[in-house]
Amino acid sequence: MERINVTKTFLPPIEEYHQYVREIWQNGQITNQGPLLVQLEDRLEQHLGVSNLHFVANGTVALQLAIKALGIEDGEIITSPFSYVASTSAILWEKCTPVFVDIEPDTFCIDPDKIEAAITDKTRAILAVHVFGYPCDIEKIEEIAKNHKLKVIYDSAHAFGASYNGKSLMSYGDISTGSFHATKLFHTVEGGCVIVNDKLASDKVELMKRFGHNGDDHIMLGINAKSSELHAAMGLCNLKYADEIIQKRKAVSEKYEQLLGDKFLRPKAKEGLTYNYAYYPIIFESEEQLLSAVKQLNDNNIFPRRYFFPSLNELSYIESSNSCPISEDISRRILCLPLYDSLDNQNIEKICEVLSK
Ligand SMILES: *Cc1c(COP(=O)(O)O)cnc(C)c1O
């Protein structure tokens with residue numbers, strides 16, 4: 001029996017990758033802002049309708065660069081507890097304190113109405129997550145940030161291909177970061193990006209991602225966040241298929257919708273979203289129900305994932321944090337079903353059949 005995981009990495013036709021590999025061999029340059037990487041950055045900017053996009057090693061270092069480029073060296077960053085661990089670990093790694101604000105019960109994104117109560121004189125920024133590709137309340141967050149002179153970083157790791165009010169969802173905020181990890185809908189094996197709306201901060205990212213120096217001129221503290229020509233080649237291959245992949249994921253999601261009806265609670269999208277079908281989360285009535293469903297799915301060789309569990313305010317290595325009852329509750333009851341472009345109807349039917357029991 002074929003094993004069905006929560007996702008299956010898209011691999012482009014191998015000949016198309018070979019073509020790029022030959023080009024790399026001819027150029028003789030395999031890293032350090034090579035020609036394919038520059039080409040990928042240009043194509044991604046065109047595809048997303050953004051400027052100042054930096055292709056980097058992964059989506060976690062992208063968040064770290066974002067924090068550094070905005071000049072945040074200590075203090076508090078308001079963030080969402082309902083996310084992949086990297087959005088919080090990046091804050092901790094940069095020696096800042098994550099302050100968790102609970103999520104909206106319908107979008108699972110940070111609740112803007114609870115942000116102001118969490119602002120102190122140490123607050124420097126809001127790091128919000130467009131979770132599952134559903135937009136945060138961008139308008140309210142922008143207003144709060146303006147009133148309190150805070151920076152806004154969006155973790156857009158799930159937002160590739162989604163648009164909001166006619167613009168890429170990745171274009172909002174002072175800085176928006178992406179992940180192109182193999183589990184994401186557009187990938188470069190490992191990879192990520194930093195999209196910077198301010199030219200000066202963008203120049204900082206450019207320097208910081210390659211050790212902070214130009215030749216012998218050491219300008220600022222940097223890190224190695226560079227990617228390679230081989231990763232860029234994978235991105236160039238996959239970008240061609242990005243729209244097609246989203247359409248196929250849409251069809252899979254609609255099939256789930258059709259077979260599951262309103263059996264499970266689902267996140268609600270805000271008006272103005274063109275969705276990217278990044279994930280298919282369902283909410284159970286209780287954690288017991290979820291665990292029993294997972295067991296039955298596993299017995300049928302189907303492996304969904306508990307995205308996102310636990311709620312990040314409950315991480316053992318966080319010193320102290322306020323409780324976030326909605327995030328804690330949703331985290332225990334949410335499951336992401338298998339979703340990828342080549343998932344066929346027969347398997348979707350099997351998954352829904354097990355779930356219906
Ligand atoms: C995947 C992911 C990241 C981390 O990206 P990597 O490229 O794996 O480092 C960060 N935030 C969220 C929300 C993610 O899903």
Side-chain angles (χ1 to χ4, degrees), residues 5-10 37 40 44 53-68 77-94 96 98 100-101 103 107-110 125-136 152-162 169-170 172-173 175-195 205 209 223-228 231-232 234-235 238 249 267 276-281 304-313 315 327 330-331 334-336 339-340:
N5 289 319
V6 68
T7 191
K8 185 172 176 180
T9 300
F10 173 83
L37 189 142
L40 178 63
L44 284 170
L53 180 147
H54 304 269
F55 178 55
V56 295
N58 58 65
T60 306
V61 80
L63 285 164
Q64 290 174 243
L65 286 169
I67 293 167
K68 275 269 196 302
I77 299 180
I78 289 174
T79 194
S80 170
F82 188 72
S83 175
Y84 183 59
V85 68
S87 59
T88 286
S89 54
I91 296 174
L92 291 166
W93 208 264
E94 291 305 317
C96 295
F100 296 101
V101 165
I103 54 172
T107 67
F108 311 149
C109 291
I110 196 165
I126 300 167
L127 194 168
V129 185
H130 300 303
V131 76
F132 302 136
Y134 294 106
C136 298
V152 179
I153 300 169
Y154 284 114
D155 181 340
S156 300
H158 303 170
F160 190 91
L169 186 49
M170 299 181 82
Y172 295 91
I175 295 188
S176 179
T177 64
S179 166
F180 304 143
H181 182 257
T183 52
K184 306 299 203 272
L185 76 81
F186 164 75
H187 79 91
T188 60
V189 188
E190 292 273 357
C193 70
V194 191
I195 299 166
V205 171
K209 77 178 186 198
I223 195 166
N224 183 0
K226 291 179 277 101
S227 188
S228 79
H231 292 84
M234 184 62 94
N238 288 346
R249 298 172 75 103
N276 61 359
Y277 304 90
Y279 295 85
Y280 198 90
R305 277 294 294 270
R306 294 187 74 181
Y307 288 147
F308 290 100
F309 176 80
S311 181
L312 298 175
N313 59 302
L315 286 173
S327 175
I330 296 289
S331 294
I334 195 163
L335 190 69
C336 281
L339 174 57
Y340 46 90

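In listed order, ligands and their atoms are each counted from 1. Nothing fancy with the numbering, it's 1 onward along the sequence.
With V194 as the fixed residue, the side chain to side chain contact (heavy atoms under 4.5 Å, CB included) test singles out one of I175, L63, L53, I153: I175.
For the pair P281 and P267, the minimum side-chain heavy-atom distance is below 4.5 Å. At least one side-chain heavy atom of L40 sits less than 4.5 Å from a side-chain heavy atom of T188.
Ligand 1 places these atoms under 4.0 Å from at least one heavy atom of G191: 7 (O). Taking every non-hydrogen atom of G59 and a distance limit under 4.0 Å, the qualifying atoms of ligand 1 come out as 5 (O), 6 (P), 7 (O), 9 (O). The ligand atoms of ligand 1 that sit less than 4.0 angstrom from a heavy atom of A157 are 2 (C), 11 (N), 12 (C), 13 (C), 14 (C), 15 (O). Close contacts of ligand 1 with K184, meaning ligand atoms under 4.0 Å from a residue heavy atom, involve 1 (C), 2 (C), 14 (C), 15 (O). Short contacts between ligand 1 and N58, defined as distances under 4.0 Å to a heavy atom of the residue, involve ligand atoms 7 (O), 9 (O). In the vicinity of S83, heavy-atom distances shorter than 4.0 Å reach the ligand 1 atoms 13 (C).
Comparing T188, L63, V129, T60 against atom 9 (O) of ligand 1, the shortest heavy-atom distance belongs to T60.
Scored by the ring pair (Phe, Tyr, Trp, His ring centres under 6.0 Å) test, Y277 finds Y275 as partners (sequence neighbours excluded). The ring pair (Phe, Tyr, Trp, His ring centres under 6.0 Å) search around H158 returns Y279, F308, not counting sequence neighbours.
Scanning both residues, I110 and A128, for their nearest heavy atoms gives CG2-CB, 3.9 Å. The two residues L312 and Y84 have their closest heavy-atom pair at CD1-O, 3.7 Å.
Judged by distance alone, the side chains of S179 and H181 never bring a donor and an acceptor atom under 3.5 Å apart.
Closest to atom 15 (O) of ligand 1, if we only count protein heavy atoms, is H158 NE2, 2.7 Å. When only non-hydrogen protein atoms are considered, atom 5 (O) of ligand 1 lies nearest to S179 OG, 3.1 Å.
Here E190 has no heavy atoms under 4.0 Å from ligand 1, in either its backbone or its side chain.
On a distance-only criterion, D155 and ligand 1 share at least one N/O pair closer than 3.5 Å.
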